[in-house]
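Naming: A, B, ... by sequence-line order, numbering from 1 per chain. These numbers come from a predicted model, not from an experiment.
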Amino acid sequence: MAHWLFKSEPSVFSFEKLIRDGGTEWSCVRNHSAKLNMMAMKLGDRGFFYHSNEGKAAVGIVEVSALYRPDPSDATGKFGMVDIRAVEPLPRPVTLEAAKAEPRLAKMALVVNSRLSVQPVTDDEWEIVCVLGGLKAQRGAKRAKAPA
DNA sequence: GCCAACGTTGGC
DNA sequence: GCCAACGTTGGC
């Protein structure tokens, strides 16, 4: 199962609103890298929900609930969207500052290219951020090479 | 097809 | 509010 990161300004669409609404169409993405990431998503893939500008932190877990399809808001027909739904909030939001301070997240898209609105997250990064966020074992997450 | 100019995003 | 980084557009 692949992992992702969805970025949103909380003043425009917050994780709290996603919880209230249950889910949403992730429309209006107009970036080809983001589009390719959405095209690669499978049902049940999970991702972080990241608040940009205000908070600057991953605040929750979301799940892909509908596959990539045309975005009605795009008249050109070039871009599409997926649906996501809220899974659970992170007990402790993981700030951009914290991600930058963690050497093993140095290559994370969020750290390297903060402007990409839909980003891939590696299994290792997923596990690290989950732990930083106060979540224990994530279902489907790769087991860390444990020193017992 | 290249590259300069411009607009937008998002951290600070 | 400012500015750097990035993507896109358009002239050549």
Side-chain angles (χ1 to χ4, degrees), chain A residues 1-135 138 140-142 144:
Chain A
M1 177 165 78
H3 296 107
W4 313 97
L5 182 144
F6 298 84
K7 236 178 19 183
S8 178
E9 288 195 43
S11 61
V12 177
F13 194 96
S14 68
F15 189 66
E16 289 73 24
K17 177 164 172 53
L18 184 67
I19 290 176
R20 275 201 306 276
D21 295 356
T24 191
E25 295 178 333
W26 206 248
S27 58
C28 300
V29 171
R30 297 292 183 267
N31 174 284
H32 290 286
S33 298
K35 168 187 167 170
L36 290 174
N37 289 330
M38 289 198 294
M39 289 178 74
M41 291 179 186
K42 295 188 172 65
L43 286 179
D45 276 1
R46 297 203 163 182
F48 296 116
F49 195 94
Y50 175 84
H51 281 174
S52 61
N53 286 321
E54 299 167 50
K56 281 174 289 182
V59 294
I61 308 287
V62 301
E63 186 173 279
V64 176
S65 56
L67 292 174
Y68 184 86
R69 61 191 185 284
D71 178 354
S73 74
D74 175 28
T76 72
K78 279 192 281 195
F79 292 97
M81 64 184 187
V82 297
D83 285 5
I84 59 172
R85 66 173 187 87
V87 174
E88 61 182 331
L90 286 175
R92 294 174 47 85
V94 178
T95 64
L96 178 62
E97 187 183 16
K100 285 184 170 175
E102 168 54 61
R104 297 194 60 205
L105 297 180
K107 290 181 181 170
M108 191 174 179
L110 184 66
V111 174
V112 174
N113 180 9
S114 62
R115 290 197 48 194
L116 182 57
S117 60
V118 180
Q119 310 179 348
V121 175
T122 68
D123 290 344
D124 286 344
E125 290 162 355
W126 180 261
E127 178 108 355
I128 292 165
V129 174
C130 281
V131 170
L132 289 176
L135 290 177
Q138 276 295 294
K142 192 170 68 177

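- Summarising the geometry, the separation between CG on Asn31(A) and C1' on dT8(B) is reported as 11 Å, rounded to the nearest angstrom.
- Here the P atom of nucleotide dT9(C) and the CZ atom of Arg30(A) are 12 Å apart, to the nearest Å.
- Leu96(A) comes within contact range of the sugar-phosphate backbone alone, with a heavy-atom separation under 4.0 Å but no base atom that close.
- Between Met81(A) and Val29(A), every side-chain heavy-atom pair lies at or beyond the 4.5 Å cut-off.
- Residue His32(A) contributes atom NE2, which lies 5 Å from atom P of dT8(C) at whole-angstrom precision.
- Phosphate contact (OP1/OP2 of dC12(B), side-chain N/O of Lys100(A), threshold under 4.0 Å): present.
- Between the CZ atom of Arg115(A) and the P atom of dG7(C) there is a distance of 7 Å, given to the nearest Å.
- Between Tyr50(A) and the phosphate of dT9(B), there is no side-chain N or O to OP1/OP2 separation shorter than 4.0 Å.
- Protein atom CD of Glu97(A) is 16 Å distant from nucleotide atom C1' of dG10(B), rounded to whole Å.
- A salt bridge links Arg69(A) with Glu25(A): at least one charged nitrogen is closer than 4.0 Å to a carboxylate oxygen.
- Rounded to a whole Å, the CG atom of Leu110(A) is 14 Å from the P atom of dC6(C).
- Without hydrogens or angle criteria, Lys35(A) side chain to Lys78(A) main chain gives a donor-acceptor distance under 3.5 Å.
- If you measure from atom CG of Asn53(A) to atom P of dC2(C), you get 16 Å, rounded to the nearest angstrom.
- For dG10(B), neither phosphate oxygen OP1 nor OP2 lies less than 4.0 angstrom from any side-chain nitrogen or oxygen of Lys56(A).
- At least one side-chain heavy atom of Trp126(A) sits under 4.5 Å from a side-chain heavy atom of Ile61(A).
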